[in-house]
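Reading through the structure tokens given below for one structure.
For ligands, and for the atoms within them, numbers begin at 1 and follow the listed sequence.
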Amino acid sequence: MDYEELLTRARAAALPVLGRGQPADYIPALACADPYDFGMALATVDGEVHGTGEWRKPFSVQSVSKLFALSLALAHGGTALWKRVGREPSGNPFNSLIQLESEHGIPRNPFINAGALVVTDALLSLTGDARGAVVDFLREESGNASLAVDPAVAASEAEHGHRNAALAHFMASFGNLHNPVEEVLEHYFAHCSVAADCRDLALAGGFLARHGLRADGSRLFGRGDAKRINAVLLTCGAYDAAGEFAYRVGLPGKSGVGGGILAIVPGRGAVCAWSPGLDAVGNSVGAMAALEDFTARSDWSVF
Ligand code: DON
């Protein structure tokens with residue numbers, strides 16, 4: 001397969017729609033991103049890497065970090081987590097408070113903000129350092145030792161994170177956070193604020209394409225966990241547009257309000273597309289268009 005040609009075509013499909021998206025501005029540090037930036041990278045299960053556009057330009061990974069936090073919590077033996085967070089699409093915005101009261105403080109899934117706060121809390125209990133666990137894992141899988149949290153973005157999130165604070169306190173009132181709320185929020189904001197590029201994320205997603213095997217050949221977790229995480233990514237990874245994402249792209253994937261989307265092709269590899277302009281529900285317009293084109297022209301799809 002000519003991956004360079006596929007990526008060039010995917011970029012060409014994205015460029016005309018870039019102006020239709022708006023960078024996230026509810027986190028002020030993200031608002032200055034250029035909606036005309038676009039990058040895309042793919043990494044095969046054997047470690048072959050290809051990229052196009054601004055694929056080496058770091059961006060804020062935001063909710064893409066949630067898939068790593070969940071994977072690490074499960075790898076550290078956190079299966080009891082599934083008593084504290086569900087596995088159903090929410091059908092509501094990623095920062096919604098509305099279901100939490102009627103569902104007794106149990107978030108619908110690990111990829112909405114409430115669910116990711118519970119996962120971060122569990123990872124903090126399991127490792128003592130949720131932020132460090134995510135950053136170390138991303139560094140090791142990508143081979144990029146300089147990958148790090150962007151402190152300005154983390155501070156901006158903390159300063160404007162009233163909704164996440166509300167979600168966390170509300171869940172604490174149900175006994176569904178075990179660590180101090182402020183500590184959970186600090187680790188959550190930190191892992192969302194990691195700066196990484198398309199190459200880093202495509203490589204870091206490889207363990208889900210290799211059915212649980214890390215880049216160095218060691219096993220993070222069993223095939224069953226990789227299957228289950230890919231399934232939850234497919235059904236819940238793109239906020240309240242998970243159905244639209246599955247329809248258009250046909251892959252398990254996780255999007256973030258920094259404009260990145262990391263998609264997994266089990267047995268083949270991982271693809272990361274990025275452009276900061278978001279649609280109304282918070283998914284990158286350009287990344288969606290590029291991934292749709294890529295899966296339409298290649299056999300990189302689960303369907
Ligand atoms: O908590 C927030 O709102 C951001 N750190 C992440 C939001 C995001 O990317 C959407 N998530 N599902």
Is the closest heavy atom of Ile112 to ligand 1 under 4.0 Å?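 Not so, Ile112 does not reach ligand 1.
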Students often mix this up, so state it plainly: with edges at 30° and 60°, are the rings of Trp274 and Phe59 parallel, tilted or perpendicular? parallel
When the ring planes of Tyr3 and His50 are compared, do they come out parallel, tilted or perpendicular, using 30° and 60° as the limits? tilted
If we only count N/O pairs under 3.5 Å, is Val257 in contact with ligand 1?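 Yes, Val257 has an N/O under 3.5 Å of an N/O on ligand 1.
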Min N/O separation Tyr188 to ligand 1 under 3.5 Å: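 Between Tyr188 and ligand 1 (N or O atoms, distance only) the closest approach is under 3.5 Å.
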With heavy atoms only and a cut-off of under 4.0 Å, state how Asn164 meets ligand 1: side chain, backbone, both or neither. side chain
Where on Glu157 is there a heavy atom closer than 4.0 Å to ligand 1, on the side chain, on the backbone, on both, or on neither? side chain
Looking at Glu140 and Arg214, is any side-chain nitrogen of the basic one under 4.0 Å from a carboxylate oxygen of the acidic one?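 Yes, Arg214 and Glu140 are salt-bridged.
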In terms of side-chain geometry, is the basic nitrogen of Asp197 or Lys57 positioned less than 4.0 Å from the acidic oxygen of its partner? no
Does one side chain, of His76 or Thr127, offer a donor that lies under 3.5 Å from an acceptor on the other?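 Their side chains do not contain a donor-acceptor pair, so the 3.5 Å distance test is not met.
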Gln99-Glu88 side chain donor-acceptor pair, cut-off 3.5 Å: no
The closest protein heavy-atom partner of atom 3 (O) of ligand 1 is Tyr26 OH, 2.5 Å
To the nearest 0.1 Å, how far is atom 8 (C) of ligand 1 from its closest protein heavy atom, and which atom is that?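 Nearest protein contact, heavy atoms only, for atom 8 (C) of ligand 1 is Ser63 OG, 2.4 Å.
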Which atoms from ligand 1 have a heavy atom of [X] less than 4.0 Å away?
| X | result |
| --- | --- |
| Tyr239 | 8 (C), 9 (O), 10 (C), 11 (N), 12 (N) |
| Gly256 | 9 (O) |
| Phe111 | 12 (N) |
| Cys192 | 5 (N) |

Could you pull out, from Gln62, Lys66, His160, the option with a heavy atom nearest to atom 4 (C) of ligand 1? Gln62
Under 3.5 Å, is there a donor-acceptor pair between the side chain of Asn92 and the main chain of Ser96? no
Sub-4.5 Å side-chain heavy-atom contact between Phe245 and Leu233: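 Answer no - side chains too far apart.
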